[in-house]
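Everything on this sheet refers to the single structure shown next.
Start at 1 and go down the list; that is how both ligands and their atoms are numbered.
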Amino acid sequence: MSKTYSEEELSQLPFRDESLELEERVKDLLSRLTLEEKFKLCSGRLMWNTKFIKRLGVKSFTMYDGPHGVRPDSMGKTKSTYFPSTICRAATWDPKLSYAFGKAIAEEVREVGAHMLLAPGINIQRTPMNGRTFEYQTEDPHLNKILAVATVKGIQSQKIAACVKHYICNNQETNRLTVNSEVSERALQEIYLPAFKATVQEADAWSFMTCYNKVNGIYGSENYNLLRERLMENWGFRGFTVSDWNGTAYTSTEGCVNAGLSLEMPTSKKLSKRNMRNAFQEGKFSEETLNDNITRLLRVMFLVGQFDDKSTLPSGNRNTPKHQALARKIAENGIVLLKNSDAILPLNIDKLKKLAIVGPNADFKLVGGGIFSDGGSSANFPPYEISPLEGLKQKCKDRVEIIETPSKAEVTILFAGLNHEHGMDAEGEDRKSFNLPLEQIELIKRTVKQNPKTIVVLINGSPIPMNEWIDSVPSVVEAWYGGMEVGNAIADILFGDVNPSGKLPLTFPKKLSDSPAHNSERTFPGVEENVFYDEGIYVGYRYFDKEEMEPLFPFGYGLSYTTFKYENLKLDKEKFSKDDIVTVSVDLVNTGSRSGAEIIQLYVQDIECSTDRPPKELKKFEKVKLEQNERKTVEFNLTSGDFSFYDDSTHSWVVESGTFNILLGSSSRDIHLQKEIEYFD
Ligand code: BGC
C-alpha cells in the first residue's frame, strides 16, 4: 500500500521545495508515483482536466479553449475577453500585438484558475475552404513562425502553458477524424513544420496538441516520427503532448505511448488505466517510455507553478479595460483596406449628413450559444460585444444621421460576409461554398445601383471571390471577425481616426480552382479519405507566383490612407558565404497626407538553382509607423539560412552558390526595390 501523506508531510517532500532545481523536483515526484498512478495520469477527467493523485497532493491540471478567449464552460457562465480571430491578429503582421494578446489571454486563464490555453492554432491555410481558416494565422511559414513564437512567449510569460495545435497537416475539416494528409518531406520541412519547430526552439512551448488526421498514413497521436523523433529528439521539446479531443479514437494504446503521447483528452479511452495495464503487461511499451511521457506532463505542472505557493505566481485578471482596449487595438491593426478608388474613405464626419447602413452582417455578434453555434471550440462568451452597427451609431451620435435607405444617403456601408454557421467559418465542416450567399451578391449589386458610393465591409474569416461585384464598388474593407470591440474598430477605420495598416496573411484567389489545393479531387477534399498535397511547397502565393496567375488580392496586400515610398535599398556586401550576415537597409518615407504604418516585406528569390524553387519567399518583415513626411531607415539581417531550401536527395537544408535577388515590397506582388547578391561556398 502506498503511503497517503498529510498536507504537513507533503510540504516537507523534496518536490515541494521551491528552492530545488525543476528537474530534481520532477524526478522526486515521479519516483513516488506507483505504476497505476502513472497510468491514471495518461488520460483526462471530464472535459478539461487531468485526474488527480490525492495521496501525493497532485491536483488536476486544467486546460481551456481557445484561440480567441478563454472559455471555462460551454454555458457562458464565465465571461471573458473576446479577442479578434486569429486571422485578424495575423493580418496585423505585428509580433508585439501577438505577444500582448498572448499575455492578456493568459492572465484570463490564470484568473479562472486554469493552467493551459488550448492555443495558438497555427496550421497553414492551405485551402480557403477550410472551416477553421479564421482560427489559423497564415499561408506563409515565416509569418506563421514569427507570430506563433510571439504568442507562445506572451502566454508563457504568465506561467501558463501554451498548447500549440494541431500538429500537423490538419488543413481541412472534411473527414477530419480519419483523413490522411499525404505530404512530401520537402513540403513538411519548408511549409508545414517551421512554425511548430520555432515555437519549441525559440519560445520553449510547453505543450503540443496532436492532430486528428493521419500524416503519411499514421495518426498524429501515435506518429512516432512526428512526436518522438522530430519534436522531442530533433527539436529538443521538453513539454508534453496532448491528443485532440477524442483524437485517439482510431489509434492503439501502445502506438500512442511509444510515440510519446503524454495525455489523452478528454476522457479515458485508448489510454484508460485498464488498457494501459494490459498493454504494459503484454510488454507493448516499457516503463522507461511511460516515465518519459509522465515526466513531461509533471514538468509542465511544475512550470505553471502547480506545486508552488500561490502567492509567488502571477495573479491574473479578466475582462479588464486594458484587455478590451487591446482587443480593439488588434482589430484596428488587423483590418485590411482592399480597395479605395476615388479616396471615398475615410469618411469626413464634419461633412457627412446621412449615412445608410445595410447588410446581413451589420449587427454581427457571436450568437452566444458557445461551441455549438459560434464556430466550434474557439467560441467564447464576452461580457459585451459591439457590433459594427453599434460602433458606427456611437461614432455618428448627434453628428451623422444613420438610415437604412441607400438612395437617400450620401454614402452607404454594406456589411456582407460569412458567419459561424456550419458550412461557413466553423469547425467540424469545411465551407460549403466559396462564394458569398447569392442574396448578398444581389444585395451588393442592387445597393450600388441605388447609391454608387457604397462601401462593402466584409465580416468573415476566409477568402471569398468578388469578381461579380468588385468593379462597381468603390471601396472594400476586410474587417474579419474582429472580437468584442470590432464595431469601434471599424468606425475608427471608416472615419479615419485610425489609418488602416493590416495586410492579407493569405492570398485571395479570383476563383476557387485557381487555388493550388483545388486542382483536383485528390488535392481537396481527397479520394477515399486520402488528401494528396500534390502542390508540394507551392502553397498560397508561392503557387500564384509560379503559375504567373493574377490573384484577386495577393498575399501581403493592404492599402493605407497615406502613401509610402521605398528608397535607397543597400546591401552591405555584394557577395557572402555561409557564416556571413547580410545587412539590408532601405528608407521608407511617408509621402502622403497623414501618419500611418507600412509593413515592409523582404522576399528572397533564387535566380539560379538546380531545383525548382518558388519565385519568391518571405524572409523578413517589419511594421513601420511614420508621421507625415517622416523618413526611416529600416534594417534587416539575413543569414545563409534565409537563402536555403530543403534538398530531398541529401535530406538537408542547402544553399547553392549563385545569384539571389533581394526584393522589398509592400505586398508579394508590389515589389518596389530589388538588388542582387552572390552566394559562394
Ligand atoms: C478541437 C481543438 C479544441 C478541442 C477542445 C477539438 O475539437 O479540434 O482545437 O482545442 O476540441 O475543445
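- The side-chain hydrogen bond (donor to acceptor under 3.5 Å, both in side chains) contacts involving residues 39-53 comprise S43-K51, S43-S268, N49-S60, N49-T62, K51-S268, where partners must be two or more places apart or lie in separate chains.
- Proximity of a side-chain donor or acceptor of Y212 to a complementary backbone N or O of N175 within less than 3.5 Å is not detected.
- Listed by chain and number, residues touching ligand 1 at under 4.0 Å (heavy atoms only) are W48, D65, L118, R132, K165, H166, R176, M209, Y212, D244, W245, S377, E427.
- Residues that satisfy the side-chain hydrogen bond (donor to acceptor under 3.5 Å, both in side chains) test with E107, not counting sequence neighbours, are K103, H323.
- More than 12 heavy atoms of other residues, nucleotides or ligands shown are found within 6.0 angstrom of CZ on F434.
- Between M301 and H115, the closest side-chain pair of non-hydrogen atoms is not below 4.5 Å.
- The salt bridge (Lys or Arg N to Asp or Glu O under 4.0 Å) check on E139 picks up nothing, with sequence neighbours excluded.
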